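Residue numbering restarts at 1 for every chain, and letters A, B, ... go by the order of the sequence lines. From a predicted model like this one, the values you see are computed outputs, not experimental measurements. For the numbers below, each heavy atom of this structure counts, side chains included, while hydrogens, waters and symmetry mates do not.
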2 protein chains.
Amino acid sequence: SARVLYEFTAEAGNNELSVKEGETLTVTNKSIGGGWIEAQNFRGEVGLVPEDYIEFITLQAPAAPPPPPQSVGNVAPQDLSFFDAYAPASTPAQNQASNGNDPWSTWNSNNNWPSNPEGTQTGKSAADPWNSQMQAHPQAYQGPGAEDDEWDDEWDDTKSNAESEAGEAGAMMRSGAHATSMKISLNKFPGFSKPGPELFLLCKQLVKGKDKIPVYMGEVGPVWLYPESQLDCVVADPKKGSKMYGLKSYIEYQITPNTTNRPVNHRYKHFDWLYERLLDKFGSAIPIPSLPDKQVTGRFEEEFIKMRMERLQGWMIRMCRHPVISCSDVFQLFLTYKDEKDWKMGKRKAEKDETVGVMIFTTIEPEAPDLDLLEVEQKCEQFSRFTKAMDDGVKEILTVGHEHWKRCTGPLPKEYQRIGKAFQNLSSVFTSSGYQGEATLTDALTEAGKTYEEIARMFAEQPKKDLHFLMENNNEYKGLLGCFPDTIGVHKAAIEKVKEGDKLVAASKITSQEKGAMAKRVSTMSYALQAEMNHFHSNRIYDYNRVMQLYLEEQVKFYETIAAKLRQAHSQFTTM
Amino acid sequence: SARVLYEFTAEAGNNELSVKEGETLTVTNKSIGGGWIEAQNFRGEVGLVPEDYIEFITLQAPAAPPPPPQSVGNVAPQDLSFFDAYAPASTPAQNQASNGNDPWSTWNSNNNWPSNPEGTQTGKSAADPWNSQMQAHPQAYQGPGAEDDEWDDEWDDTKSNAESEAGEAGAMMRSGAHATSMKISLNKFPGFSKPGPELFLLCKQLVKGKDKIPVYMGEVGPVWLYPESQLDCVVADPKKGSKMYGLKSYIEYQITPNTTNRPVNHRYKHFDWLYERLLDKFGSAIPIPSLPDKQVTGRFEEEFIKMRMERLQGWMIRMCRHPVISCSDVFQLFLTYKDEKDWKMGKRKAEKDETVGVMIFTTIEPEAPDLDLLEVEQKCEQFSRFTKAMDDGVKEILTVGHEHWKRCTGPLPKEYQRIGKAFQNLSSVFTSSGYQGEATLTDALTEAGKTYEEIARMFAEQPKKDLHFLMENNNEYKGLLGCFPDTIGVHKAAIEKVKEGDKLVAASKITSQEKGAMAKRVSTMSYALQAEMNHFHSNRIYDYNRVMQLYLEEQVKFYETIAAKLRQAHSQFTTM
């Protein structure tokens with residue numbers, strides 16, 4: 001038995017076996033040679049795996065994986081590994097499961113299942129690997145090999161203190177805000193369901209003063225208040241640091257906001273801390289995309305860092321673009337803290353914040369008349385339908401794109417190379433004819449052959465120039481869309497609660513004033529949701545225009561270059 | 001058990017089974033549905049085959065096969081079937097055999113096998129499916145399904161008469177000229193080996209007068225006498241005729257030579273007759289490429305006829321281009337006979353011709369000093385080395401080209417279509433957002449999607465525009481090269497015989513004058529071979545320049561069109 005150190009994507013037709021980091025294999029044949037061993041995975045599939053990608057006993061992984069053995073084809077291994085991130089993270093089996101049970105199903109009125117919001121949603125979102133991985137809290141999620149991540153060592157004490165220091169409601173909210181944990185609690189006590197919304201629906205006083213988050217009526221409907229100048233930042237210059245006398249090493253990234261233009265340093269775990277704070281505070285009103293997945297492993301350290309930095313940059317830009325998040329104290333702290341002391345203090349303050357979970361709605365102030373429950377409900381339905389549909393569309397593009405990537409870096413270059421070789425071979429045969437006046441043809445044939453070898457290389461390189469960005473964009477949206485089931489879930493729960501209004505009054509669980517207040521509060525929640533959806537839509541339209549332009553532009557260049565090279569090769573031939 | 005009516009090429013990943021016309025299958029599951037049945041071939045391979053491509057009992061094949069069932073992918077079936085001709089005609093097993101044992105090996109000094117010309121050559125060339133199919137006499141070769149060929153019914157009486165009428169030497173030569181039959185005789189009587197050459201080497205008088213075939217010394221060495229104006233002809237206007245009250249139908253092609261510009265009609269069997277005559281008469285001195293293979297089956301009658309006509313045209317042009325063949329009586333008869341009577345008479349005369357087999361060398365008159373045996377032998381070695389090497393190179397291109405064809409018509413279009421669909425799906429999801437100002441993006445996305453669907457179609461169509469001609473050209477050369485082992489074989493045999501000269505004199509089998517004459521005759525043979533090789537080289541250089549130009553030209557157009565379409569799609573996107 002052996003343990004997989006690095007993800008490896010099998011190449012079709014080579015009897016290779018795809019393995020995921022941390023997977024355990026049964027070695028069926030050690031003496032294959034050429035740097036390969038034959039192994040069987042837990043699904044009973046048997047195939048070849050690079051020797052260097054597994055370890056037999058010890059669990060200590062080397063800092064950076066060695067290059068794979070030859071014969072994986074003429075594609076530099078990193079080209080493929082670089083994008084293993086796009087591969088469906090779950091096994092086919094799991095996928096099927098998640099197709100059936102995913103968090104969308106309850107909200108998606110397009111399907112005709114028994115709609116039992118609490119029950120179904122709970123079991124389901126738990127069963128959806130994509131959901132748990134992309135949407136749930138990284139701390140909560142311990143995927144295979146997560147502990148291998150050298151650059152994310154355990155949290156220092158400050159946090160655990162914070163947890164305990166945090167006030168009752170805060171703690172409750174914090175857990176209430178957590179997708180997974182909330183669902184688990186729902187699961188455990190179906191009677192005491194939806195602890196979230198009523199805390200806001202029935203709470204006494206709303207937040208006053210500067211903490212208010214206004215919602216205006218724009219051309220497109222309810223919108224957040226956008227700052228005149230958009231916050232922006234650059235994540236760059238990753239530096240490897242170490243502590244404990246070099247026993248533990250980590251990467252520190254330099255983040256420079258366009259406001260202060262003063263760089264601050266953060267480690268991945270700090271981003272993770274920020275993510276957790278944002279999720280706690282805004283998660284009920286604003287989908288907070290998870291950080292770049294820890295499972296994104298490059299086969300080389302530099303590549304891993306490059307990939308993660310690129311995605312941290314994308315994540316930060318999305319947060320900067322958000323009018324509510326970008327203005328929040330915690331986000332500003334992260335970008336502009338002056339020194340270690342300032343940072344530590346800010347951290348404590350943020351962790352003590354009690355306006356988290358559904359309580360965020362106490363800060364929202366719509367400058368518009370209240371909406372009636374029906375309208376609120378319709379909007380909510382519409383949003384969940386759309387986000388579910390878009391989630392499917394995005395996943396389709398990711399799947400197709402992933403296959404296209406593999407073809408462009410695998411079989412296609414091989415084929416064009418063989419064509420090139422065949423022309424060159426024929427050319428050298430012709431040279432041996434001993435017939436005079438052969439040179440013109442043989443030179444031309446050789447050049448044609450070399451041209452097809454170049455085209456082979458071009459095909460292998462192209463995805464990094466265009467498909468990469470199309471994939472990254474859709475990957476980001478996949479993560480973002482994964483947050484909606486829970487954000488929308490909170491609203492659904494609130495709507496349910498308001499519907500029970502009369503019953504609750506009759507049972508004198510609440511007063512009729514409270515019932516009226518609840519209706520008003522759910523309207524506030526709806527304004528927030530609509531403002532957020534409008535924000536989402538405008539960003540989406542911008543992002544997809546941008547990425548499609550880039551993709552097609554590069555594709556045009558690609559095919560034009562091929563045409564030019566072939567025209568050059570063509571000019572070498574002469575018919576006498 | 002069922003019999004295969006039409007060749008069918010399986011598409012990878014669809015559990016389909018490739019079958020050849022005439023193959024017998026065991027039906028393992030009739031109730032697959034969708035027009036498919038599951039069957040097992042003689043190698044035990046099991047897979048799906050289109051129901052309509054097999055028959056269960058009767059042996060009567062319909063005039064034209066029906067279209068295949070759907071789900072064979074988005075490639076019009078004929079696109080693939082049209083080029084089944086390129087697929088290696090033999091099973092992998094056979095191929096391996098033929099790699100080891102092929103007719104080249106004995107002559108190919110590059111390999112270090114025990115060189116035992118007669119024995120090895122015989123066993124081998126028999127074992128080489130490509131040789132037997134491409135090079136041997138179509139009559140001698142009864143491949144699977146040959147009797148299915150509705151358009152080539154049995155020979156009428158004239159021929160069999162002819163065989164008997166033909167004189168002793170003629171008959172002997174005729175058989176001697178036949179690759180297969182000659183080898184068989186060698187096999188049967190290793191003692192009485194090489195009956196061919198000495199008949200010329202020791203024959204008394206040479207041909208006089210107009211039948212003489214001169215060999216001149218040109219810049220490139222020995223060359224045939226080329227006519228001022230090159231003969232050319234057009235094969236066109238295939239008409240379906242029928243006889244026996246419509247019970248038997250056949251196709252008649254119209255051949256118009258540029259000399260008389262008067263069309264004559266011929267059926268495939270007439271071409272076949274011409275081929276046999278040319279092989280008999282010139283085969284020892286000039287490689288006569290076999291006619292388009294009978295196994296070339298289109299799935300539709302029109303397509304079959306189109307394909308065969310195209311190849312008959314190619315064959316005729318090659319014959320017209322040859323200075324010796326184009327001037328021969330039999331070839332002129334074929335192109336310019338006045339009426340049925342004229343044709344019948346000409347046929348008889350041609351069939352009575354005794355200057356066949358090695359006796360053709362009695363007509364060759366080199367206008368140059370005799371060559372010594374060493375030089376003759378070196379030239380012969382050089383030619384066999386080159387033709388063997390080129391044969392390998394050509395086969396490589398055919399293999400690679402065949403795979404490329406399948407990819408371009410199979411997986412690639414599918415993938416681009418899926419990409420196109422994915423974009424269009426996302427577009428329609430976006431349309432459902434209800435967000436205003438969506439239209440620009442969704443229209444652009446839809447167009448981008450449609451563009452990739454167009455690109456899919458383009459990929460599927462392209463091979464017919466370029467790869468087709470590259471394949472046809474190499475296919476022709478494969479056939480031509482297949483004739484060399486026997487043509488060269490005759491020379492090798494003659495050289496061996498001359499080497500035995502002294503022994504034969506000592507054993508008073510021949511006189512010393514005869515020994516002298518033999519040396520002179522083998523020099524004549526060498527001049528003929530060199531003239532032929534120089535003819536081959538100049539044609540080869542012309543043909544490959546032409547076909548490569550055409551190929552690259554079309555490839556350039558292809559990639560430029562794609563680039564243009566993508567540029568158009570790109571222009572639809574706008575970043576606000």
Side-chain angles (χ1 to χ4, degrees), chain A residues 219-220 382 385-386 389-390 392-394 396-397 400-401 403-404 407 411-412 415 418-419 421-423 425-426 429-430 432-438 440-441 444-445 448 533-534 537-538 540-542 544-546 548-549 552-553 555-556 558-560 562-563 566-567 569-570 573-576, chain B residues 219-220 382 385-386 389-390 392-394 396-397 400-401 403-404 407 411-412 415 418-419 421-423 425-426 429-430 432-438 440-441 444-445 448 533-534 537-538 540-542 544-546 548-549 552-553 555-556 558-560 562-563 566-567 569-570 573-576:
Chain A
E219 299 160 2
V220 298
Q382 187 197 340
R385 260 198 310 277
F386 175 79
M390 179 168 173
D392 294 340
V394 163
E396 184 189 0
I397 287 190
V400 174
E403 277 174 30
H404 192 48
R407 188 184 304 284
L412 269 188
E415 188 159 300
R418 286 186 60 197
I419 293 171
K421 285 252 171 291
F423 284 150
N425 290 347
L426 198 62
V429 170
F430 285 178
S432 77
S433 72
Y435 185 78
Q436 53 173 269
E438 190 82 64
T440 335
L441 172 59
L445 254 184
M533 281 309 292
N534 288 330
H537 287 319
S538 68
R540 170 178 57 82
I541 289 174
Y542 173 82
Y544 276 90
N545 266 302
R546 205 189 78 265
M548 284 303 292
Q549 274 182 317
L552 292 172
E553 211 173 296
Q555 285 269 291
V556 169
F558 174 63
Y559 287 111
E560 276 175 346
I562 292 180
L566 289 169
R567 202 183 299 102
H570 172 265
F573 289 90
T574 53
T575 25
M576 299 126 292
Chain B
E219 298 161 4
V220 296
Q382 187 196 342
R385 260 199 308 279
F386 175 80
M390 180 169 172
D392 293 341
V394 164
E396 184 188 0
I397 286 188
V400 174
E403 276 174 30
H404 192 49
R407 187 185 304 284
L412 268 188
E415 188 160 300
R418 286 186 61 199
I419 293 171
K421 286 252 171 292
F423 285 149
N425 290 347
L426 198 62
V429 170
F430 285 178
S432 76
S433 72
Y435 185 78
Q436 53 173 270
E438 190 81 64
T440 336
L441 173 59
L445 254 183
M533 279 311 289
N534 288 330
H537 286 319
S538 68
R540 170 179 56 80
I541 289 173
Y542 173 83
Y544 275 90
N545 266 302
R546 204 190 79 264
M548 285 302 292
Q549 274 182 318
L552 293 171
E553 211 173 295
Q555 285 270 292
V556 169
F558 175 63
Y559 288 110
E560 276 175 346
I562 292 179
L566 289 169
R567 203 183 299 100
H570 171 265
F573 290 90
T574 53
T575 24
M576 299 125 290

**Intermediate values then yes/no, side chain to side chain contact (heavy atoms under 4.5 Å, CB included), B/L412 and A/L412** = CA-CA 9 Å; B/L412 268 188; A/L412 269 188; 4.2 Å; yes

Once you round to the nearest 0.5 Å, how far does [atom1] of [X] lie from [atom2] of [Y]?
X      : Y      : atom1 : atom2 : value
B/I419 : A/E396 : CD1   : CD    : 11.0 Å
A/R540 : B/S433 : CZ    : OG    : 5.0 Å
A/Y544 : B/L445 : OH    : CG    : 9.0 Å
B/L566 : A/L552 : CG    : CG    : 6.0 Å
B/N425 : A/D392 : CG    : CG    : 10.0 Å
B/M548 : A/H570 : CE    : NE2   : 9.5 Å

**Prompt:** In terms of heavy-atom pairs under 4.5 Å, which option from B/E219, B/K421, B/R418, B/M390 contacts chain A the most?
**Reply:**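 Between B/E219, B/K421, B/R418, B/M390, the count favours B/R418.
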
Please look at [X] and chain A and tell me whether the side chain, the backbone, both or neither of the residue comes under 4.5 angstrom of a heavy atom of that chain.
X      : value
B/F430 : both
B/Q382 : side chain
B/L426 : side chain
B/A444 : neither

**Message:** Out of A/A563, A/S432, A/A448, return the one with the most heavy atom pairs under 4.5 angstrom to chain B.
**Reply:**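 The option with the most such pairs is A/A563.
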
**Asked** Using a cut-off of under 4.5 Å for heavy-atom pairs, which of A/E553, A/E438, A/H404, A/R567 has the most such pairs with chain B?
**Response**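 The answer is A/H404.
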
**Request:** Please name the pair of heavy atoms, one in B/I397 and one in A/A422, separated by the smallest distance, quoted to 0.1 Å.
**Result:**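 Nearest heavy atoms, B/I397 then A/A422: CG1-CB, 3.7 Å.
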
**Message:** Taking A/V400's backbone N and O only, do any of them form a donor-acceptor pair with B/E415's side chain (distance below 3.5 Å, no angle check)?
**Reply:**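 Judged by distance alone, no pair lies under 3.5 Å.
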
**Asked** Does the B/Q549 side chain pair with the main chain of A/F573, one donor and one acceptor, at a distance under 3.5 Å?
**Response**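 Checking the backbone N and O of A/F573 against the side chain of B/Q549, a donor-acceptor pair under 3.5 Å is found.
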
